[in-house]
Peer 1: 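Shown below is the structure under consideration.
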Amino acid sequence: MGPPGAGKGTQAERLVKKFGMKHLSSGDIFRAEKASDSELGRKLASYMDAGQLVPDEVVVEMMAKAVTQAGDNIMLDGFPRTVAQAESLDEQLAEAGSPLDAVVVMTANDDIIIKRITGRRTCPACNRGYHVTFMPPKTEGYCEDCDDVELTQRSDDCEETVRQRLEAYRAQTEAVIGYYRDRNLLKIIDVDGNLDAEIVSGEVIQALASFEA
Ligand code: AMP
C-alpha cells in the first residue's frame, strides 16, 4: 500500500523475485485491457486517464478473477484501493482458506512522488523501466535492451493527473491502511519510500523473512 510513486511496483518486482511469488498489479491488468481497446478497456481508460479510481464493482470483478487464476503466494500491488475492495478481497480469501499474511505500507513526500512519476519512462517492447534523471538510458529516449525502440510515458504520468491520483489516494485509499492496522493477526511492515529502492527492499525482505521463519 502507498501513494502513487512510493515505489510499490519497483518493490513488488524485487520481492516476487526474492520470494518466488506471483505479482498481481491491478494497474498492469487494467493497462493491458485498455491496450486491447475493448469496450471495458475504454471504460477503464476514462477513469485512469483522469487520475480517478475505477469503480469498485469493475475492480472487484476483474481482480477476483485474477486472484483466483493466480492461486496462492501472491504479491498484490495497487489493489485493494478502497475499503469496499478490501472487504471483498477478505471474503474471497477467507473462502479460499488463504487469508492475507502481511501488508507493506510505503510513504513518500509529494515533491519526490511528482519527480519520480513525471520522469518515468518504459520500453513498450520489453517493459523495462527508466527515469529521465534517476535512471536514464544510455541513449536518451531509447531502450538499452531493444534495438531502436523508443521509450514511452504512461498517459496518466503527467503532473496534473498525478495530483489527481494523489487526491484519490488520500480520499479513498488511505483508509484501507487503517482497516488493516485494526486487524491483530496481520503483520504490517512500515517503510519509508523516500529512501533508495535498495534500502527499502532490504528492510522489507528482512521483515518478511523474519515473518516466514
Ligand atoms: P497504478 O498502476 O497502480 O498506478 O494504477 C493506475 C490507475 O489504474 C489508477 O490511477 C486507477 O485509475 C486505476 N486503478 C488501479 N488499481 C485500482 C484499484 N484497485 N481501484 C481503482 N482503480 C485502480
Side-chain angles (χ1 to χ4, degrees), residues 1-16 22-38 40-68 70 74-93 100 103-108 110 112-124 127-131 152-180 193 197:
M1 307 281 317
K8 300 187 295 293
T10 304
Q11 293 304 326
E13 290 289 346
R14 287 169 175 243
L15 295 171
V16 293
K22 283 157 260 173
H23 182 188
L24 271 196
S25 153
S26 50
D28 284 351
I29 291 170
F30 298 169
R31 273 184 290 281
E33 186 66 40
K34 204 179 141 190
S36 78
D37 202 31
S38 62
L40 174 60
R42 284 192 290 275
K43 183 172 178 177
L44 294 171
S46 68
Y47 295 98
M48 294 167 78
D49 291 344
Q52 290 167 3
L53 293 190
V54 173
D56 283 338
E57 59 277 15
V58 180
V59 175
V60 164
E61 193 185 332
M62 288 182 75
M63 292 309 292
K65 247 188 241 161
V67 169
T68 303
I74 306 172
M75 165 74 64
L76 291 167
D77 162 16
F79 170 78
R81 259 176 159 101
T82 64
V83 172
Q85 291 177 21
E87 285 170 346
S88 154
L89 175 68
D90 271 347
E91 270 171 39
Q92 180 180 2
L93 296 182
L100 288 181
V103 178
V104 180
V105 178
M106 307 181 70
T107 51
D110 284 8
I112 290 189
I113 288 173
I114 304 272
K115 261 191 219 138
R116 277 184 186 163
I117 299 192
T118 53
R120 198 152 71 170
R121 301 288 183 275
T122 315
C123 170
N127 223 21
R128 178 167 169 185
Y130 295 89
H131 189 283
T152 54
Q153 183 178 27
R154 265 172 56 172
S155 54
D156 59 344
D157 274 356
C158 61
E159 181 166 344
E160 198 191 330
T161 313
V162 176
R163 291 198 184 279
Q164 276 299 318
R165 287 160 63 194
L166 275 170
E167 225 171 86
Y169 176 76
R170 299 218 161 96
Q172 291 157 281
T173 307
E174 248 170 13
V176 182
I177 298 172
Y179 171 85
Y180 286 135

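Basis for what follows: all heavy atoms, side chains included, without hydrogens, waters or symmetry-related copies. Every number for a ligand or one of its atoms is a count from 1 in the order of the listing.
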Peer 1: May I ask you to check whether Thr161 and Asp156 show a side-chain donor-acceptor distance below 3.5 Å?
Peer 2: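 The criterion, which ignores hydrogens and geometry beyond distance, is not satisfied for Asp156 and Thr161.
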
Peer 1: For ligand 1, what are the residues with a heavy-atom contact below 4.0 Å?
Peer 2: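 For ligand 1, the residues that come within the 4.0 Å heavy-atom cutoff are Ser26, Gly27, Phe30, Arg31, Met48, Gln52, Leu53, Val54, Val59, Gly78, Phe79, Arg81, Gln85, Arg154, Asp156, Arg165.
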
Peer 1: Tell me, yes or no, whether the heavy-atom count around Lys43 atom NZ, taken from other residues, nucleotides or ligands under 6.0 Å, exceeds 12.
Peer 2: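 No, NZ of Lys43 has 12 or fewer neighbouring heavy atoms, counting only those of other groups under 6.0 Å.
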
Peer 1: Find out whether Gln11 and Met106 are in side-chain contact, i.e. whether some heavy atom of one side chain is under 4.5 Å from a heavy atom of the other.
Peer 2: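 Yes, side chains in contact.
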
Peer 1: Tell me, which pairs form a side chain to side chain donor-acceptor pair (under 3.5 Å) where one or both residues lie in residues 166-177, sequence neighbours left out?
Peer 2: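 Residue pairs passing side chain to side chain donor-acceptor pair (under 3.5 Å), neighbours aside: Asp110-Arg170.
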
Peer 1: Does a side-chain heavy-atom distance below 4.5 Å link Leu24 with Phe79?
Peer 2: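 A side-chain contact is absent here, since even the closest heavy-atom pair is not under 4.5 Å.
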
Peer 1: In the structure I gave you, are the side-chain heavy atoms of Val176 and Val103 within less than 4.5 Å of one another anywhere?
Peer 2: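 Side-chain contact under 4.5 Å: no.
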
